[in-house]
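Each chain gets a letter, A, B and so on, in the order its sequence line appears, and its residues count up from 1.
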Amino acid sequence: MKLCDRVFGSPVGAKMLMALTGLMLTGFVLAHLSGNLLLYAGQEKFNAYAHGLQSLGLLLWLARGGLLTAFVLHLYLAIKLTIENKAARPVPYAHEATIQASLASRHMVHTGLLMFAFIVYHLAHFTFRVTSPEIEALTPGDAYAVVVLGFSNPVVSGFYILAMAALATHLRHGVSSAFQSFGLYHGNLNVVTDKLGPIVAGIVFVGFSSIPVSVLLGCIK
Amino acid sequence: MDVTLHVWRQKNAKAKGAMEVIEGKDISEHSSFLEMLDTVNETLLSKGQEPIAFDHDCREGICGACSLVINGEPHGPEYGTTTCQLHMRSFKNGQHIFIEPWRAKAFPVIRDLVVDREAFDRIQQAGGFVSVNVGSPQDANCLPIAKQDADKAFDAAVCIGCGACVAACKNASPMLFVAAKVSQLALLPQGQPERESRVLAMVDQMKKEGFGNCSNQYECEAACPKEISVEHIARMNREYLRASFLEEAPKAGHGGD
Amino acid sequence: MILDSKVPSGDLADKWEDHKFHMKLINPANRRKHDIIVIGSGLAGASAAATLGGLGYNVSCFCFQDSPRRAHSIAAQGGINAAKNYQGDGDSVHRLFYDTIKGGDFRAREANVHRLAEVSRNIIDQCVAQGVPFARDYGGLLDNRSFGGAQVSRTFYARGQTGQQLLLGAYSALNREISRGTVKMYSRKEMLEIVLVDGKARGVIIRDLVTGEITTHSGDAVIMATGGYGNVFYLSTNAKGCNVTASWRAHKKGAGFANPCYTQIHPTCIPVSGDYQSKLTLMSESLRNDGRVWVPSKKGDTRSAFEIPEAERDYYLERKYPSYGNLAPRDIASRSAKEACDAGLGVGPGGLGVYLDFADAIKRVGEDGIKKKYGNLFHMYQKITAENPYKAPMRIYPAVHYTMGGLWVDYNLMSNIPGLFVLGEANFSDHGANRLGASALMQGLADGYFVVPFTLANYIASEKLNKVKTTDAPFTEAANAVKERTQKFLSIKGGRSVDSFHKELGQVMWDKCGMARDKAGLEAAIVKIPKLREEFWQNVKVLGENENLNQSLERAGRVADFLEFGELMCQDALHREESCGGHFRSEHQTEDGEAKRNDEQFCYVGVWEHKGDGKKAELNKEPLEFTDVKLATRSYK
């Protein structure tokens, strides 16, 4: 009970949990990306991969459960901490200034909210396939076709790239920051951790955005 | 030089405050920022207006009394400098200067630019000490401490408790202040017996005071007039994690035989 | 006025140990029944409050700052002396004792100084146990450096901010007691009156600086650790809030004021730059370990420091005092700087400055080596002057820094008012006519940690203390007097600011009662100050009200007291027809300009007794007897 209190109730515990769930979600994002990149290997291989995932059965549900828990916790803590933070400064400065904090770090809430909106759409689009009659009409199991059809629409692709930019911005601060929250901020280590955020952000943005771009350019058909 | 000041004026804790425009005329660029305010106050007084209240004492950058958010930056634009050591040569003739108090729920305004920082004292009282009685401790040199540890502890110990970290933080979090003390004592052998209870109690008190949470933006480090590193916050986080697992709830005392 | 020093009999070296054994104790279970009031939270106040709280007394501690951690002890830079002999260079308790007596120009009480030297060692042990991060060498042991007036390295330090670290140590001890409930801390509260019942100190009147509320507090004893009165000069190295009010209020209630004319002018401060200046900044004496003081040897030399060749520089301290060189004691170094500037050799604007040059040291240990030792001081100098001291020599000039005089106390640190104990800079006892560097921190902590806890217990155990209530007449009368006085300031509605009076007083004090004093000047000041005081009470302008934070009102009270005190200081300086330590009377000097003491007539503590407003204070004398040291002419040549 005491431990639970310390993790959820204290400012330090909460930020560690925030970091932990954030890193779990980052792990998912990276795994997701590596799966997506199979699109470049062709329709067959990609659908086989998608099918393979589906046939994991219990394991898949466990993973989904874990992911959902991490997601809900991350969201819950974000809301809770933001409310507390706003309450901690009831009167704002008339002249606001920032000395050095990065844009990414100052807009975690905004990029996070954008991500949330995107996830809702993304699930409706690819998992539940309810966004348009054309998608609903596709052969069940042909994930490849869903992707190609979806990204052929420049508006969908545009929104997707924008969301990836938000995700990358979020990770740029979030990943490096997680190490600080765990207390892993130290002379030599920082050389790595400080760069990890931007690196992960770069990979995620370029990796994910390359797919709609490729579809629109006709490299993936 | 002449400057135009935009100053927060508030009669007392209950009154409503507002920004007020006050002209500062014929200010020497060699005067300190607080001396500029002294000069402005003399002018206000001669016009029958009440002088601007602001906290200050040593005026040499060590007591931590002076505060002021100047153009959005605690202690003004110079790095590693307290307001009392800031000089008017850092400003331009004719510049508009916004002067506001530290803004945090845990630092209520007392008057104008003066805020109540007793929350900091209460955090220290929660555990920022080594429980040692005055009497006959062992000879000081019986406790050798590696120079690098002593130096690192010192880097944290230089905190002047001014509250700039809170003022700078977008979330009004005092993590750097709390971490400085936790880190100093965690690094020294004298701090070991109370290592776990200290960090838990101080963090707990920090929350009770109504401060915000740290989101690792490091504005505190940039604003700190003593240039204390956020590395100490990381150390506090480690200490907290460690203590969360190690520390048991205190047992009730017994009276002995 | 009865001035019984109560110095115990016996050998000097055994007095304190014997005395400790013979003093009465109070049973631990009974201590919590005794209320103790501590005014001030600097090194002396915080250490006393923490120690007494730790022993189990019920302590109330008051400070005017917003937190006890801000007391001006925090600004002490250089270090703290202790006779540890860790460097094996021949230090001992007796040597520290002798250096301090000699440094004070043989005007301090022998027994007190010896006790100070004895407990100096415990202080270091205590502070290290609290986690104070003193400087250490690579073996992990404590490091030392040298300070003025000593030929051994006995100064413990924490970079250039030793006072801060020691005060934070005492503050942490205080915090522990606050959390245990034995000390109740009152910040932003100013003591404005002391309450005497049956001639004993039994309480104080406190004004809440935020709400203006006047409250009364009673106790079995009152400890005042309220610092020095250097701000009587307006410009000094003291914090803006430092004041004489607590001491002066006690003085007016009967406490003797001892040696008020003994003030220390510190040789190494940043020179005044203009009339807007609100305070002067000290550059630690430790800089004289590596810096060399010089002026051009020719008058009117306007070349920059670089252009003046070695042969045309006068390293006057090294020339005049070859054995101590740049580490001559403060009074001597200050006076030499003044002499050089008076002779037209000064450098910088107005010719009020001398060089403190690190070129040789930088050549020897490199810029990094200097940075490691004095980085924060160099940084501070650069911030204030916008000049880079690594490239060009610093310009320094003496400034008022410390006051050796203070309320008279006996060996037990109790004033002539029973139950009123006075600690630290506020008392007069240990530094004679000049304080050596790194001795103020030592005295503050010695008084608070190691002396008063014993002597206070002895007082309480020996006296029959009747119960008092804060509704008793002496309390209500004192509270009413404070209220009236506060209202008076607000009702004058004159035309001049409090600061303008303070500045004018400061100028008079500096001109007539500063580094050098003479009869004519002091007499002029004694005429001038009452006039200024009269004008103050008719023409001061304090706006606002009592019920809100009102900084002009706070200052008005303090300046009103300085205006009375300044006169007493000049009187004391006028009566002391000799030169000793920080008190230099131009009429009394040797042919080569050194201070000329007059032991036959002035080997005493001059203690002033208040005789009523508008009446001349009366001088009482406590003769100084030296059994273990021989009175000698102080020489640092």
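The contact between B:E42 and chain C is made entirely by side chain atoms (from C-beta outward), counting heavy-atom distances below 4.5 Å. With a 4.5 Å cut-off on non-hydrogen atoms, C:K84 touches chain B through its side chain but not through its backbone. Looking at B:I27, there are no atoms closer than 4.5 Å to chain C (heavy atoms on both sides), in backbone or side chain. Neither the backbone nor the side chain of C:T211 comes within contact range of chain B; no heavy atoms are under 4.5 Å apart. Both the backbone and the side chain of C:I384 come within less than 4.5 Å of a heavy atom in chain B. Both the backbone and the side chain of B:H30 come within less than 4.5 Å of a heavy atom in chain C. Within the 4.5 angstrom heavy-atom criterion, only backbone atoms of B:I52 (N, CA, C, O) approach chain C. Looking at B:I145, both its backbone and its side chain come within 4.5 Å of chain C, counting heavy atoms on both sides. For C:S497, the parts lying near chain B are the backbone and the side chain together; criterion is any non-hydrogen pair under 4.5 Å. Of the two parts of B:E227, only the side chain, counted from C-beta on, holds a non-hydrogen atom closer than 4.5 Å to a non-hydrogen atom of chain C. Residue C:Q65 touches chain B through its side chain alone, counting heavy-atom pairs closer than 4.5 Å. With a threshold of 4.5 angstrom between heavy atoms, C:E547 does not approach chain B through any atom at all. Contacts between C:A50 and chain B at a heavy-atom distance below 4.5 Å are absent for every atom of the residue. Proximity to chain C is limited to the backbone of B:S46, based on heavy atoms less than 4.5 angstrom apart. C:A158 touches chain B through backbone and side chain together, each having a heavy atom under 4.5 Å away. Contact annotation for B:D149: neither backbone nor side-chain heavy atoms come within less than 4.5 Å of a heavy atom of chain C. With a 4.5 Å cut-off on non-hydrogen atoms, B:L45 touches chain C through its backbone and its side chain both.
Under the 3.5 Å distance criterion, the side-chain polar atoms of C:R70 are matched with a main-chain donor or acceptor of B:G64. At least one donor-acceptor pair closer than 3.5 Å links the side chain of C:K383 to the backbone N or O of B:G80. The backbone N or O of B:F54 lies less than 3.5 Å from a partner atom in the side chain of C:Q551, making a donor-acceptor pair. Checked by atom type and distance alone, the side chain of C:K279 pairs as donor or acceptor with a backbone atom of B:C58 at under 3.5 Å. A donor-acceptor contact shorter than 3.5 Å is absent between the side chain of B:N12 and the backbone of C:N548. Using modelled atom types, one side-chain atom of B:D57 and one backbone atom of C:G241 make a donor-acceptor pair closer than 3.5 Å. Between the side chain of C:Q164 and the backbone N or O of B:I62, no donor-acceptor pair lies under 3.5 Å.
Among B:S136, B:A146, B:A153, B:A53, the residue with the largest count of heavy-atom pairs under 4.5 Å with chain C is B:A53. For the set B:D38, B:T81, B:T39, the entry with the most heavy-atom pairs within less than 4.5 Å of chain C is B:T81. Most heavy-atom pairs under 4.5 Å with chain C, from the set B:H56, B:R89, B:M36, B:E50: that is B:R89. When each of C:T237, C:L174, C:L280, C:T385 is checked for heavy-atom pairs under 4.5 Å with chain B, C:T385 comes out on top. In terms of non-hydrogen atom pairs under 4.5 Å with chain C, the most contact-rich of B:S90, B:C159, B:G191, B:C84 is B:C159. Taking C:P68, C:A129, C:G169, C:G54 one by one and counting their heavy-atom pairs under 4.5 Å with chain B, the maximum is reached by C:A129. The greatest number of non-hydrogen atom pairs below 4.5 Å with chain B, out of C:A173, C:A386, C:S273, C:G139, is found for C:A386. The candidate with the highest count of non-hydrogen atom pairs below 4.5 Å against chain B, out of C:N238, C:I178, C:T281, is C:I178. When each of B:R111, B:Q148, B:H87 is checked for heavy-atom pairs under 4.5 Å with chain C, B:H87 comes out on top. Ranked by heavy-atom pairs under 4.5 Å with chain C, the list B:A65, B:A126, B:G128 is led by B:A65.
Between B:F154 and C:R136 the shortest side-chain heavy-atom distance does not fall below 4.5 Å. The shortest distance between side-chain heavy atoms of B:Q184 and C:P133 falls below 4.5 Å. In this structure the side chain of C:S187 reaches within 4.5 angstrom of the side chain of B:E118, judged on heavy atoms. The closest side-chain heavy-atom distance from C:R69 to B:Q124 is below 4.5 Å. Annotation: side chain of B:D121 is not in contact with side chain of C:M185 (no heavy-atom distance under 4.5 Å). Residues B:Q190 and C:V128 meet the side-chain proximity criterion, which asks for heavy atoms closer than 4.5 Å. Side-chain contact between C:Y86 and B:D139 is present, with heavy atoms from C-beta onward closer than 4.5 Å.
Among all heavy-atom pairs drawn from C:D125 and B:A140, the shortest one is OD1-N, 2.8 Å. The two residues C:Y171 and B:F120 make their nearest non-hydrogen contact at OH-O, 4.5 Å. Between C:L141 and B:P144, the shortest heavy-atom contact is CD2-CB, 3.9 Å. Residue C:F450 comes nearest to B:G135 through the heavy atom pair CE2-O, 3.6 Å, listed as atom of the first residue, atom of the second, then distance. Residues C:D137 and B:K147 come closest through the heavy atom pair O-CB, 3.7 Å.
Of the inter-residue distances, the one linking C:L168 atom CG with B:F129 atom CZ reads 14.5 Å to the nearest 0.5 angstrom. Expressed to the nearest 0.5 Å, how far CD of B:Q85 lies from CD of C:Q382 amounts to 12.0 Å. From C:I74, atom CD1 reaches atom CD of B:E60 across 10.5 Å, with rounding to the nearest 0.5 Å. The CG atom of B:D151 sits 5.5 Å away from atom CZ of C:R159, with the distance rounded to the nearest 0.5 Å. Distance check: C:K240 NZ to B:C63 SG gives 12.5 Å after rounding to the nearest 0.5 Å.
Applying the side-chain contact (heavy atoms from CB on, under 4.5 Å) test between B:V114 and each of C:L549, C:L209, C:D66 identifies C:L549 as the sole match.
Looking at B:E35 and C:S278, their side chains do bring a donor and an acceptor atom within 3.5 Å of each other. No side-chain donor from either of C:N175 and B:R122 sits under 3.5 Å from a side-chain acceptor of the other. In the model, B:D26 has no side-chain atom that pairs as donor or acceptor with a side-chain atom of C:Y276 under 3.5 Å.
Under the rule for a salt bridge (Lys or Arg N to Asp or Glu O under 4.0 Å), the partners of B:D55 that lie at least two apart in sequence or sit in another chain are B:R117, C:R188.
Under 4.0 Å is where a charged nitrogen must lie from a carboxylate oxygen, and between B:K11 and C:E545 at least one such pair does.
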Carefully, step by step, assess C:Q126 and B:V132 under the rule side chain to side chain contact (heavy atoms under 4.5 Å, CB included). CA-CA 8 Å; C:Q126 183 65 36; B:V132 50; 4.2 Å; yes
